[in-house]
Novice: 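Sharing a structure, written as structure tokens. Questions coming.
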Amino acid sequence: MCGIVGYVGMRNAPDVLLEGLKRLEYRGYDSAGMAVRSAGRLEVIKEVGKVADLERLVAERQLEGSQGIGHTRWATHGGVSVDNAHPHCDDCGNFVLVHNGIIENYMDLREELEASGVQFCSETDTEVIVQLLARLYRGDMLEALLKLIEKLRGSYALAIMNREIEDTFYCLRKGSPLVLGVADGEGFCASDVPALLPYTRQVAYLEEGEIAAVSKGLLQVWTSEGVAVEKAISIIDWDISMTEKAAYPHFMLKEIHEQGAVLRTTLKGRVENGRVDLSSELGWDPELVGSWKKLHIVACGTSFYAALVAERVLEKWTDLEVKVDIASEYRYRHSRADADTLGVFVSQSGETADTLAAQRLARSQGAHCLAVTNVRGSTLAREVHDVLLLKAGPEIGVAATKTFMGQIAALYLLALYLGRMRETLTAAEENRLLDEILRLPYKVEVTLEREESIRELAGKYADRKDFLFLGRGISFPIALEGALKLKEISYVHAEAYAAGEMKHGPIALLEPAVPVMTIIPRDGLYEKTLSNIQEAKARRSPILALATDGDDLITKHASAVIRVPWTDEDLTPFLTVVPLQLFAYHMAKLRGCEIDQPRNLAKSVTVE
Ligand code: G6P
């Protein structure tokens, strides 16, 4: 949700900023801009549209310089226009800044500033920050920034340049992510690590309220009270090839095809001799694990659906009372976490604002908090008691695919581990399940090899306007995820229902133009779901069935069948999600949609 980047060093800053913005474009892509120090002036260029549109403008103007800040926007306050695009300047052109976040008291601040004669050029909350900063500055940047922090309410990651100060830019963060980078004679900042990977792997994460001065090869950091802090430098273990498309036309397709490998890396080192071993990561003693009675799992979007899948096995393999909630709901209800509660917060990015707030709430109520995330240095990972990493590598496509696979794998391992420690799952059962879990990477790859038949199916249904997705039990969250993928990237309306609930409403929508995608693996609920298929068929809806290899019965009832290899009934989500991702991908491609950057969406939702 908006990406920011900053650079100072010997390279041409516009090139570094453009490269960084392209790598952050998944965060927002309705307009983009940059400010570059050039011959003592702060030159600002902005454009509506994608980073590629900004790139053309930068080339036309032949912009050059060795220091700059850039921004790619996902509009919140103020429509999509050049005036509202970042960077924003004060009215004297002394300060320029880019912002990710929302200033909640911007109306009050704007009124005060307007009353003192300040003229605004945009409708944004961001312009208020820069106009205010210009009035607080008395020759000492740190002092002005400390005063600025006192005045701002809301969330922000900021990169700021002061015309008077050469070779240094400033950063602030509260509630929105910001990572600093350093290399010999160079300094960087960015909303996310992939923007830095072409230049450095040495990073430092700003904590809440911290202020940084970034200069050539040097990072200086202060707390929100102005006390200098020594920052630890972390070395990123992602490599740059992980952030490139390779031979694939889209990141999403590449990431779907990486899922067998994601499973292997997520399982690696965590399964030994038929048992799950998370002791080196979680360090939980039996007494702590035995003290929990409740399990709250909280997440947003696709991560929420991963949590719903896990809910089924956690209920089955442990004796904990499991509750799963959407973060934006959890944070405002009377959820009653306490010292008896393990709170599990699932977030690919570890930066989703609602998930962060939910975690802080549960923690303040006494819960023990665990993050299940893909990003080691993320805000969520730094705020919780313990972290379980997905190890999926960077995900660039806005629609989550491989991280969903990593999330369910990590959550299944957690469920088995808790089952063992609480003695609710026998060693033999754990062993049997792990045997099959270790076969899943191969079975995911077998499923991926069937892509062509899914592409053909998408070809037959690409013109449909509405779909219904049905599933029961552990397949219900997969129906939700399949429908979400279709909506997100192909803009086709898709509703997902628990198959048994269809008769309570959605059946009224059924007619020959509305296909029903039914997730019906061979499990204990197979016959029940088959009855629901009959009901839909009687309303003349085409039935697309996602079924298990060797299930001959289903061919008699469905217009088309997509198949996955057999697996244990508790593990079917690892396989059934894959064809639905591919179906959404090919539907979107056939409909000419922008697959990696769907309209109105952002990969990381860092505002409430
Ligand atoms: C956005 C993304 C989704 C993602 C959700 C939660 O809506 O478009 O793909 O599932 O945020 O993100 P998180 O990083 O918390 O998993």
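Everything numeric here is computed off the predicted structure, so don't read it as measured data. Whatever order the structure lists ligands and atoms in, that order sets their numbers, starting from 1. Throughout, residue positions are numbered sequentially from 1 according to the sequence presented.
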Novice: Please determine whether side chain to side chain donor-acceptor pair (under 3.5 Å) holds for the pair Asn100 and His71, giving the CA-CA distance in whole Å, both sets of side-chain angles, and the decisive distance to 0.1 Å.
Specialist: CA-CA 9 Å; Asn100 166 211; His71 189 268; over 6 Å; no

Novice: Based purely on interatomic distance, does Thr355 place a nitrogen or oxygen under 3.5 Å from a nitrogen or oxygen of ligand 1?
Specialist: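 No; every N/O pair is 3.5 Å or more apart.
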
Novice: To the nearest 0.1 Å, how far is atom 10 (O) of ligand 1 from its closest protein heavy atom, and which atom is that?
Specialist: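 Minimum-distance protein heavy atom for atom 10 (O) of ligand 1 reads Thr302 N, 3.0 Å.
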
Novice: My understanding is that only one of Ile256, Thr447, Val577 makes a side-chain contact (heavy atoms from CB on, under 4.5 Å) with Leu582; could you say which?
Specialist: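 That would be Ile256.
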
Novice: Under 4.0 Å from a heavy atom of Ala400: give me the atoms of ligand 1 that qualify, with their elements.
Specialist: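 Atoms satisfying the 4.0 Å criterion: 9 (O).
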
Novice: Considering only protein heavy atoms, which is closest to atom 8 (O) of ligand 1, and at what distance to one decimal place?
Specialist: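 Nearest neighbour among protein heavy atoms for atom 8 (O) of ligand 1, to 0.1 Å: Ala602 O, 3.1 Å.
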
Novice: Could you tell me the residue and atom name of the protein heavy atom closest to atom 12 (O) of ligand 1, and the distance to it rounded to 0.1 Å?
Specialist: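 The closest heavy atom on the protein side is Thr352 OG1, 3.4 Å.
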
Novice: Not counting sequence neighbours, which residues clear ring pair (Phe, Tyr, Trp, His ring centres under 6.0 Å) with His99? List them please.
Specialist: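 Result, ring pair (Phe, Tyr, Trp, His ring centres under 6.0 Å) vs His99: none returned.
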
Novice: Does the gap between the ring centers of Phe467 and His493 come in under 6.0 Å?
Specialist: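 Centroid separation for Phe467 and His493: 6.0 Å or greater.
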
Novice: Could you check whether any heavy atom of Leu601 sits closer than 4.0 Å to an atom of ligand 1, since that is the contact criterion I want to use?
Specialist: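 No, that is not the case, since the closest heavy atom of the residue is not under 4.0 Å from the ligand.
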
Novice: Nearest to atom 7 (O) of ligand 1, what protein heavy atom do you find, and at what distance?
Specialist: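 The closest heavy atom on the protein side is Val605 CG2, 4.0 Å.
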
Novice: If hydrogens are left out, which of Asp354, Leu390, Val398 has an atom nearest to atom 9 (O) of ligand 1, that is, the closest non-hydrogen atom?
Specialist: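 Heavy atom nearest to atom 9 (O) of ligand 1 belongs to Val398.
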
Novice: Please list the nearest protein heavy atom to atom 6 (C) of ligand 1 with its residue and the distance rounded to 0.1 Å.
Specialist: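 The closest heavy atom on the protein side is Cys300 O, 3.4 Å.
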
Novice: Is the gap between the ring centers of Tyr199 and Phe188 under 6.0 Å?
Specialist: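 Yes - the distance between ring centres of Tyr199 and Phe188 falls below the 6.0 Å cut-off.
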
Novice: Short list, please: which atoms of ligand 1 are under 4.0 Å from a heavy atom of Ser347?
Specialist: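 Listed by number with element: 13 (P), 14 (O), 15 (O), 16 (O).
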
Novice: Can you list every pair that meets salt bridge (Lys or Arg N to Asp or Glu O under 4.0 Å) and has a residue in residues 362-376, with sequence neighbours left out?
Specialist: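 Listed once each, the pairs are Asp237-Arg376.
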
Novice: Look at atom 14 (O) of ligand 1 and say which protein heavy atom is nearest, naming residue and atom and giving the distance to 0.1 Å.
Specialist: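 Protein heavy atom with the smallest distance to atom 14 (O) of ligand 1: Ser349 OG, 2.6 Å.
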
Novice: Note the single closest protein heavy atom to atom 2 (C) of ligand 1, along with its residue, its atom name and the distance in Å.
Specialist: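 Going atom by atom, the protein heavy atom closest to atom 2 (C) of ligand 1 ends up being Lys603 O, 3.3 Å.
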
Novice: Counting only heavy atoms not in Glu321 (residues, nucleotides, ligands), do more than 12 fall under 6.0 Å from its CD?
Specialist: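 For Glu321, atom CD is not crowded (no more than 12 foreign heavy atoms under 6.0 Å).
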
Novice: If you take all heavy atoms of Ser490 and Arg591, which pair is closest and at what distance?
Specialist: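 Nearest pair, atom of Ser490 first, then Arg591: O-NE, 3.2 Å.
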
Novice: Starting from atom 16 (O) of ligand 1, which protein heavy atom do you reach first, and at what distance in Å?
Specialist: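 Atom 16 (O) of ligand 1 sits closest to the protein heavy atom Ser303 OG, 2.5 Å.
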
Novice: Under a 3.5 Å distance rule, please check whether Lys46 uses its side chain to pair with a backbone N or O of His86 as donor and acceptor.
Specialist: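 Such a contact is absent between Lys46 side chain and His86 backbone.
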
